[in-house]
Amino acid sequence: MNIYSHKFIKIKQVAELTSLSEPSIYRLQKEGKFPKSVKIAGNTTRWVHREIEEYLNACLANRN
């Protein structure tokens with residue numbers, strides 16, 4: 001799979017998918033506990049949708 005086949009999503013979409021607040025997403029990312037964002041077109045920040053899905057699947061797999 002090449003980089004052009006990835007779907008990039010905005011922070012609001014990430015927050016909606018994860019039910020996390022935007023500050024929580026940035027904090028978890030800074031702590032290395034959340035997928036890293038990608039800088040595109042200057043200061044525009046996006047996340048790879050597939051990586052967010054993988055994060056959520058890992059959360060489900062690790063629940064007690």
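Values in this document were obtained by computation on a predicted structure and should not be read as measured data.
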- Note on the structure: On a heavy-atom basis, the closest approach of Glu51 and Lys36 is OE1-O, 4.0 Å
- Within-4.5 Å side-chain heavy-atom neighbours: Leu17 and His49: yes
- Here the gap from Ser21 atom OG to Ile11 atom CD1, rounded to the nearest 0.5 Å, amounts to 8.5 Å
- Does a side-chain N-to-carboxylate-O contact under 4.0 Å join Arg50 and Glu54? yes
- Give the minimum heavy-atom separation between Thr44 and Arg46, together with the two atoms involved. CG2-NH1, 3.2 Å
- Can you name the residues that form a salt bridge (charged side-chain N to carboxylate O under 4.0 Å, His left out) with Lys33, not counting sequence neighbours? Glu31
- With the side chain counted from C-beta on, respond yes when Val48 and Val38 share a heavy-atom pair under 4.5 Å apart, and no when they do not. yes
- Message: Restricting to salt bridge (charged side-chain N to carboxylate O under 4.0 Å, His left out), what partner residues turn up for Lys30, sequence neighbours left out?
- Response: none
- Above 12 or not: heavy atoms from other molecules or residues under 6.0 Å from CD of Glu22? yes
- List for me each residue that meets side-chain contact (heavy atoms from CB on, under 4.5 Å) alongside Thr18, sequence neighbours excluded, and say none if there are none. Val14, Leu20, Ile25, Phe34, Ile52, Leu56
- Distance-only donor-acceptor check, side chains Gln29 and Trp47, under 3.5 Å: yes
